[in-house]
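Step one of this worksheet: look at the structure below.
Note that this is a predicted model, so its numbers are computed, not measured. Values below: every heavy atom of this structure, side chains too, minus hydrogens, waters and symmetry copies.
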Amino acid sequence: LEMLLLASGAAAAGIVFATTLQAWASSRLPGTVPRADQWEVGTAAVVFTFGAALLAVVAGGILPGWSTARGGDSAQVLRGGKGRSAGRLSAGLVGLQVALSVLLVIGAGLMTRSFVALSAVDPGFRPDGAVAVRLTPPSGRYEGESVTFFYEEVRRAAESSPEIESAGGMLFLPMTPGGAWTSYHPQSAATSEGNPPTTALRIVTPGYFETMGVDLVAGRYLDEADGADDEAVAVINRTLARHAFTSPDPVGRVLVLGRAGADTVRVVGVVDDVRQSDLRTDVLPEFYRPLAQQPMSRLYMVARASNDPGRALVALHDAVRRVDADVLLSRSGHVLDIVRESMGTTRLVTQLLGLFGVLAVLLGAIGIYGVSAQNVAVRRKEMGIRMALGADGARVARQTLLSGLVPVAVGIVVGLCTAAGTAGTLQSLLFAVRPRDLVTFVAVPAFFTLVAVASLAVPMVRAGGTDPVETLRSE
C-alpha cells in the first residue's frame with residue numbers, strides 16, 4: 001500500500017509537470033510547426049502514466065515480496081542470499097538507466113553545440129533596433145508610379161519622427177516566407193543550353209540597405225535617382241557577383257534576365273550576403289531592383305529606432321496612417337524577434353533535451369547511490385569478516401567503488417552505441433555539428449563517470465570504515 005501511494009503521487013506529479021511543460025513548449029513553438037495548438041496531455045497519457053506506476057509497484061514491491069514469501073527461509077534472507085540476487089537486478093536497472101541518460105545527454109549536447117553554432121551565424125544585417133510592418137494598400141488604389149510615390153511618402157513620414165533614425169521598404173523581408181526568381185546570364189556570355197542559373201529577385205526602396213545595416217561591398221546603394229525613366233539598374237550580393245562574373249569588380253556590368261533575354265539591368269553596387277530564408281540555409285544569388293522600376297503594391301516597411309524599438313514601431317504605424325489610414329498593417333514586430341523565431345525549433349528541442357538530460361542525470365545519480373548503499377548494507381557482514389581477517393579498509397572501499405562502476409560502465413557503453421546508431425534522427429535539426437560529434441561522444445561518458453564516482457563516494461567511505469567487531473556483534 002505504501003509503494004502504491006508513493007507511485008500514485010509520483011504519477012500525479014509527473015502529469016502536472018507534463019501539463020506545465022506542454023503549455024510552456026506550445027507557447028514557444030514557431031508558427032511553421034503543424035498542429036502545435038493541438039498538443040495536450042490527454043486521457044491516453046494519464047492512463048499510460050498511472051499504468052506505468054502500477055507496473056512499477058508490481059515489479060518493485062509485490063513480486064519481490066511474493067518471492068520472499070515463497071522462499072520461506074528468513075535466515076537466508078538475513079544472510080543476504082536474496083539480497084545479492086536483488087542487487088544484481090538493481091545493478092541491471094541502474095545500467096539501463098545510465099544508458100538512457102547517456103542517450104538523452106548526448107542528444108542535448110549535440111543540440112546545444114548546434115544552437116551555439118547557429119547563434120553565431122552572421123545574418124548579413126543588423127536585426128537589433130530594427131522594426132518592421134507589412135503594408136497592404138486597398139486594391140487598385142496605387143499602381144505604377146503612384147506606388148513609388150506612396151512608399152516614398154511613408155518613408156519620409158517615418159523619418160520625420162524623432163523615434164526613427166531611418167526607414168525603407170522591401171518586398172520580402174529576411175526570415176519571412178516568400179520569394180521571386182528569374183534566370184540570368186551576363187550580357188557578355190552566351191546563353192547555355194539546358195536550365196540556366198537562377199537568382200532571387202528582391203525589390204527595395206531607397207533607404208532599405210542603410211536601415212537594415214546591409215554592408216556595401218562595391219559601388220553604391222539604390223537611391224531616389226533610380227527612377228522609372230532611368231536606366232534599369234540593380235544591386236547584387238556577393239554570391240551572385242561570384243557566380244555571374246569572373247572579374248573582381250562587377251560594377252558596371254550588365255545582366256540579362258529571363259530566358260527570352262528581353263530585360264537587362266546594369267549592376268551599380270554589390271552588397272554583403274544576407275541570409276533571407278533562415279540562418280541554416282546557404283546564401284543564394286540575389287539581386288535587388290528599385291521599386292520605381294518594378295512597382296509592387298505590398299511591401300514591408302522597416303525602420304531603425306533612434307532609441308527605443310517599441311516606440312519606433314508605434315511611430316512607424318502612425319507614419320503609415322498619416323499617409324493613408326486605409327492601409328492594412330500586418331506582421332508587425334521587431335526584426336530581432338523574426339530572427340529568433342527562425343531558430344525557434346532548434347531552441348525548443350535544445351531546451352527540452354537539456355531539461356530531460358538534467359533530470360536523467362539526477363535520477364541516474366540517485367539510482368547509483370541507492371544501489372551502492374544497498375549493496376554495502378547487504379554485504380556488511382561479509383565486509384566485517386574480511387576486515388576481521390586482515391583486509392585493508394582502503395581495499396574494501398576500492399572494491400566497492402569498482403563494483404558500483406561496473407553497471408555504470410555497461411550503461412555508458414550501451415548508451416554510446418545506441419546514440420551512435422540513432423544520432424542520424426537529429427540530422428535535420430543539427431547545424432555545423434556532425435551527428436556523431438567526437439567532442440560530445442567523449443565529454444558525455446567522462447561526465448557520467450564523474451557523476452558515478454561522486455554518487456559512490458558515501459557508500460565507498462562507509463564500506464571502508466566498517467567496524468568488524470560491531471558488524472559481527474550485530475549479526
Report task. Verify whether one side chain among Ser342 and Arg275 offers a donor that lies under 3.5 Å from an acceptor in the other. Result -> no

Can you list, pair by pair, the side-chain donor-acceptor contacts under 3.5 Å of residues 117-126, counting residues two or more places apart and other chains?
{"from": "Ser119", "atom 1": "OG", "to": "Phe115", "atom 2": "O", "distance (Å)": "2.8"}
{"from": "Asp122", "atom 1": "OD1", "to": "Gly124", "atom 2": "N", "distance (Å)": "3.0"}

Query raised in the report: Restricting to pairs with a member in residues 138-179, which pass ring-ring contact (aromatic ring centres under 6.0 Å, His included), not counting sequence neighbours?
Result: Tyr142-Phe150

Report task. Rounded to the nearest 0.5 Å, what's the gap from CZ on Phe17 to CG on Leu359? Could you check? Result -> 5.5 Å

Query raised in the report: With a 4.5 Å heavy-atom cut-off, do Met212 and Val204 have their side chains touching?
Result: no

Query - ring-ring contact (aromatic ring centres under 6.0 Å, His included) contacts touching residues 279-322 (sequence neighbours left out) - result: Phe209-Tyr288

**Report entry** Crowding at CZ, Arg311 (>12 non-hydrogen neighbours, <6.0 Å)
**Finding:** no

Query raised in the report: Do you know which two heavy atoms are closest between Leu426 and Gly107, and how far apart they sit?
Result: CD1-CA, 4.0 Å

**Report entry** Whether over 12 other heavy atoms sit under 6.0 Å from Glu145 CD
**Finding:** no

Query - Heavy atoms of other groups near Asp326 CG, more than 12 under 6.0 Å - result: yes

Query raised in the report: Would you call Glu152 and Arg155 a salt bridge, taking side-chain N to carboxylate O under 4.0 Å as the test?
Result: yes

Query - Over 12 non-hydrogen atoms of neighbours within 6.0 angstrom of CZ in Arg266 - result: yes

Query raised in the report: So with a 6.0 Å cut-off around CG of Asn307, is the heavy-atom count from everything else above 12?
Result: no

Requested in this report: Can you establish whether the number of heavy atoms outside Arg298 located under 6.0 Å from its atom CZ is more than 12?
Outcome: no

Query raised in the report: For the side chain of Arg347 and the backbone of Arg340, is there at least one donor-acceptor N/O pair under 3.5 Å apart?
Result: yes

Query raised in the report: Does Ser114 reach the main-chain N or O of Phe431 with its side chain, forming a donor-acceptor pair under 3.5 Å?
Result: yes

Query raised in the report: What's the spacing between Leu255 CG and Asp263 CG if we round to 0.5 Å?
Result: 12.0 Å

Query - Electrostatic pair Arg434-Asp437, nearest N-O below 4.0 angstrom - result: no

Query raised in the report: Are the charged groups of Arg304 and Glu165 less than 4.0 angstrom apart, N to O?
Result: no

